[in-house]
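Beneath this line is the structure, given in C-alpha cells, with notes to follow.
This structure is a prediction, so every number in the text was calculated from the model and none was measured.
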Amino acid sequence: MNKRSISVILITFLAAAEIIRAQWIPEVCPVKEDLNAVCFINSSQGWAVGDKGTIISKVNGTWTRSMSPLKEDLYCVTFITNDNGWAVGANGTILRFNGYVWEKIDSPTKNDLFAVSFKDPENGVITGENGTILVFAGNTWKQLDKRIKANLYTAQYLNDDIILGGGMELLNVPIMKMAVKWGYSLTNLFDSNIAVLG
C-alpha cells in the first residue's frame with residue numbers, strides 16, 4: 001500500500017469518526033406541549049417556547065418550566081443578554097424577560113407574530129401575519145405600514161439592515177431587505193417561489 005492510499009483511508013476513518021460523534025442526543029423535556037422555537041444564550045443556558053404559552057429554560061444541563069403570564073401559543077424567542085429576552089406569538093403576543101420573570105408587553109396588533117430579532121437592546125423587529133412589521137423604538141413597539149399582504153415568517157438583523165422572508169398560499173413573497181437608516185425602505189433581494197419560513 002502506498003502513502004496516498006494510507007492517507008485516504010486515514011482521512012476517511014477520521015471523517016467517519018467525526019460524523020458518528022456529532023449525532024443528535026435526546027434531552028428530557030419537562031412539558032408535553034409542542035415547542036416551536038429555541039434560543040441559546042451560551043453553550044449551557046437556553047430557552048424554548050411553544051404552544052399554550054409554554055416557556056422552558058435550560059441551566060446547568062436541566063430543562064425546567066418557567067412561569068408564563070399567558071396561554072397564547074408562542075412562535076419565536078430571542079435573547080440579547082442573559083437578562084433581556086423576547087418572545088412573540090398568537091394574537092399579537094409580545095413577552096419580555098426582565099432578568100427575573102416574563103412580562104406581557106403592549107402590542108400594536110392582534111395579528112399572529114412569527115419572528116423577533118434584535119440588533120442591540122435599542123433596535124428590534126417583529127414580523128407576522130398579513131405583512132405585520134413592528135419595530136422597537138423609544139422602548140415601545142410601533143407598527144409599520146408596508147402594505148404587504150403575505151405572512152412574514154422570518155426577520156433577521158444584518159448589520160444596519162433587516163432581512164425579511166415569508167409567503168402565503170398562491171402568493172409569491174420575495175426575500176426583502178429593509179434599510180433602517182433609509183426610513184425602513186424595502187428592496188427585493190431574491191424572488192422565491194416558495195415560502196421562506198426561517
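- One hydrophobic cluster, built from ILVMFWY side chains closer than 4.5 Å, cannot hold both Leu144 and Leu134; they sit in different ones.
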- Task: Given side-chain hydrogen bond (donor to acceptor under 3.5 Å, both in side chains), test Asp73 with Asn36 step by step and report yes or no.
- Result: CA-CA 9 Å; Asp73 292 348; Asn36 299 317; 5.9 Å; no
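- For Tyr184 against Val135, the heavy-atom pair with the smallest separation is CE2-CG1, 3.5 Å.
- In this structure, a donor-acceptor pair under 3.5 Å is absent between the side chains of Tyr100 and Asn98.
- Inspection of the Glu72 and Asn91 side chains reveals an N or O donor paired with an N or O acceptor under 3.5 Å.
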Stepwise, does the side-chain contact (heavy atoms from CB on, under 4.5 Å) test hold for Leu164 with Ile175? CA-CA 6 Å; Leu164 308 170; Ile175 296 173; over 6 Å; no
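- Linking Ile, Leu, Val, Met, Phe, Trp and Tyr whenever their side-chain heavy atoms come within less than 4.5 Å leaves Ile126 and Tyr157 in two separate clusters.
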Run the numbers on Phe118 and Asp120 for side-chain contact (heavy atoms from CB on, under 4.5 Å), then give the verdict. CA-CA 5 Å; Phe118 274 81; Asp120 55 47; over 6 Å; no
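- Looking only at side-chain heavy atoms (C-beta outward), Val125 and Phe136 stay at 4.5 Å or farther from each other.
- Taken together through direct or relayed side-chain contacts under 4.5 Å among Ile, Leu, Val, Met, Phe, Trp and Tyr, Val49 and Tyr75 form parts of separate hydrophobic clusters.
- With sequence neighbours left out, the ring pair (Phe, Tyr, Trp, His ring centres under 6.0 Å) criterion links Phe97 to Trp47, Phe79, Trp102.
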message = As a quick check of understanding, evaluate side-chain contact (heavy atoms from CB on, under 4.5 Å) for Asn151 and Asn130, giving each step before the final call.
response = CA-CA 5 Å; Asn151 297 328; Asn130 300 321; 4.2 Å; yes
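- In this structure, Ala115 and Thr154 approach most closely via the heavy-atom pair CB-CA, 3.7 Å.
- Between Thr127 and Leu113 there is no side-chain heavy-atom pair separated by less than 4.5 Å.
- The closest side-chain heavy-atom distance from Ser57 to Ile55 is not below 4.5 Å.
- A 4.5 Å side-chain heavy-atom check between Met176 and Ile148 finds at least one atom pair inside the cut-off.
- A salt bridge is defined here as a Lys NZ or Arg NE, NH1 or NH2 lying under 4.0 Å from an Asp or Glu carboxylate O, and Glu27 with Lys58 meets this definition.
- Taking the side chain as every heavy atom from C-beta outward, Ser44 and Val59 never approach each other to under 4.5 Å.
- Side-chain contact between Leu70 and Thr93 is present, with at least one heavy-atom pair separated by less than 4.5 Å.
- The two atoms that bring Lys104 and Pro69 nearest to each other are N-CG, 4.1 Å, heavy atoms only.
- Ion pair Glu33/Arg65 flagged as a salt bridge, since at least one NZ, NE, NH1 or NH2 atom sits closer than 4.0 Å to an Asp/Glu carboxylate oxygen.
- Following chains of ILVMFWY side-chain contacts shorter than 4.5 Å, one cannot reach Ile80 starting from Ile162, and the two form parts of different hydrophobic clusters.
- Here the shortest heavy-atom pairing between Asp112 and Ala90 reads OD1-CA, 3.3 Å.
- In this structure, Lys119 and Asp160 have side chains that are in contact, with non-hydrogen atoms separated by less than 4.5 Å.
- Under the 4.5 Å side-chain heavy-atom criterion for Ile, Leu, Val, Met, Phe, Trp and Tyr, Val77 and Val101 are members of distinct hydrophobic clusters.
- One finds no salt bridge joining Asp161 and Lys181 here, because no Lys/Arg side-chain nitrogen approaches an Asp/Glu carboxylate oxygen to under 4.0 Å.
- Between Ile56 and Thr64, the closest side-chain pair of non-hydrogen atoms is not below 4.5 Å.
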